[in-house]
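Order of the sequence lines sets the chain letters (A, B, ...), proteins ahead of strands, with each chain counted from 1.
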There are 2 protein chains.
Amino acid sequence: MSKQKKIEVDLSTEEKIKEAARKLFTQKGYAATRTRDIAEESGINLALLNYYFRSKEKLFNLIMEEKMLQLFGVLFPVINDENSTLQQKLELIVVNYIDLLSANPDLPIFVLSEIKNSEGGFLKQLPLRKMLGESVFVKQFLEKRSDISPLHFIINLLGVVIFPFVASPVLQGTGVVNDQIFNKMMEDRKKLIPAWIKQMVETV
Amino acid sequence: MSKQKKIEVDLSTEEKIKEAARKLFTQKGYAATRTRDIAEESGINLALLNYYFRSKEKLFNLIMEEKMLQLFGVLFPVINDENSTLQQKLELIVVNYIDLLSANPDLPIFVLSEIKNSEGGFLKQLPLRKMLGESVFVKQFLEKRSDISPLHFIINLLGVVIFPFVASPVLQGTGVVNDQIFNKMMEDRKKLIPAWIKQMVETV
DNA sequence: GTCTATAACCTGATAGAC
DNA sequence: GTCTATCAGGTTATAGAC
């Protein structure tokens, strides 16, 4: 209550640096981001970055783990819910992802591209194989379609949900859509995608 | 016939540099690639890179335009063919993309991520809006579904085709699939995807 | 905790010999 | 055309004053 006068700017120094790092790393990637940019963006001194985080790489690892959790975390609470149907899970995943990515359009390219360049280091703590393989989600899918790998199904789902955001710079940069139309389309897809996928599952 | 003794290594110096640049740029991106790495990879001297291409950026622009054409070029010959049905176009696009990306798995993330970081500079010569909007492909789609934007259709198609390659480092890095299984899946998708999409188009 | 100044290193690019 | 040597500038990280 004493020093807290500013409305939104009043974060701890450590948090201000992290906030700037989040923005710049996700926007430009690890290699293209300079520690000077982060310092400037956060309004603090360059030396403080090393004081709090020891090195650019350590700060990056922190942000990266956070962003991976953000991207993959959408799935975790949903796929093992015993009390929802496959269709309900589908709808929830689609809505949650579209909301998340509308607010963080850079997230997918950033995470996927940095993972690719990091020789698997970041994936060591991501037990995706077990998490998916033993999930209620997969079990429910196999009850409907035991003739096709659930992986195809998951890839298709994430493909139609995430890919538009990955392609968005191309779509917007070539004038195929503008920001407003793109957002409207993503809004529409919240209803369209579950309907398409449902069709895909139920088709013989 | 005189000096040409080596089997495959005998490219012009200029082409050796471009070949190394192709590999490293697509693998690590512009910012993370050092001109020294390119020189070493091509077995030539650092100074020759500047002798032939003036600067890192000019060399990059060359490779980038080449790679964009490679990625988007799959569509051009197909979408305006008057003598093929929508379904045939679909099948051709799917097969061509899966073959291209199986041979160049880094291509999509590289192109999409560099486009995002370049403030639209590379997109100036890509008249995607007209190319798609006036295409036979879109016309044929609208004959079947005038109630839904063809853009949804195209995004879905490219999503299910391209996204698996974008996600492949995650899938392989977490042990969800290995290289062999992944390739088998992509092979299967050549038949699966057209069937899914067909279903999507014909569903009321 | 925060800053200025600077060390130590790296990177793109060029000069100049062959 | 190709190489070695080197410059000029930028980048991460730290020392040391406050």
With sequence neighbours left out, write down each residue that passes side chain to side chain contact (heavy atoms under 4.5 Å, CB included) with [X], or none if nothing qualifies.
X: A:A32; answer: A:K28, B:A31
X: B:Q70; answer: B:K67, B:L100, B:N104, B:L107
X: A:N117; answer: A:S113
X: A:E57; answer: A:Y30, A:S55, A:N61

Report task. Would you name the heavy atoms of B:L112 and A:V166 that are closest together and state the gap between them? Result -> CD1-CG1, 3.4 Å
Report summary line: Atom CG of A:L11 and atom P of C:dG1 are separated, to the nearest Å, by 15 Å
Query raised in the report: Between B:I17 (CD1) and D:dG1 (P), how many Å, whole number?
Result: 11 Å
Report task. Could I get the full list of salt bridge (Lys or Arg N to Asp or Glu O under 4.0 Å) partners for B:K184, not counting sequence neighbours? Result -> B:D188
Query raised in the report: Does any pair with a residue in residues 94-105 of chain A pass salt bridge (charged side-chain N to carboxylate O under 4.0 Å, His left out), and if so which ones, sequence neighbours excluded?
Result: A:D99-A:K190
**Report entry** Pairwise salt bridge (charged side-chain N to carboxylate O under 4.0 Å, His left out) hits with a residue in residues 108-126 of chain B, at least two apart
**Finding:** A:D106-B:K116
Report task. Taking side-chain hydrogen bond (donor to acceptor under 3.5 Å, both in side chains) as the test, write out the residues that go with B:E91, two or more places apart. Result -> none
Report summary line: The ring-ring contact (aromatic ring centres under 6.0 Å, His included) partners of A:F137 (sequence neighbours excluded) come to A:F153
Query raised in the report: Could you run down nucleotides 4-17 of chain C 5' to 3' and tag each one B, S or - for protein heavy-atom contact under 4.0 Å?
Result: B------BBBBB--
Query - For DNA chain C, the residues among residues 37-44 of chain B that have a non-hydrogen atom under 4.0 Å from it - result: none
**Report entry** Between the first and last five pairs of the helix from C:dG1-D:dC18 to C:dC18-D:dG1, the angle of the axes, rounded to 10 degrees
**Finding:** 10°
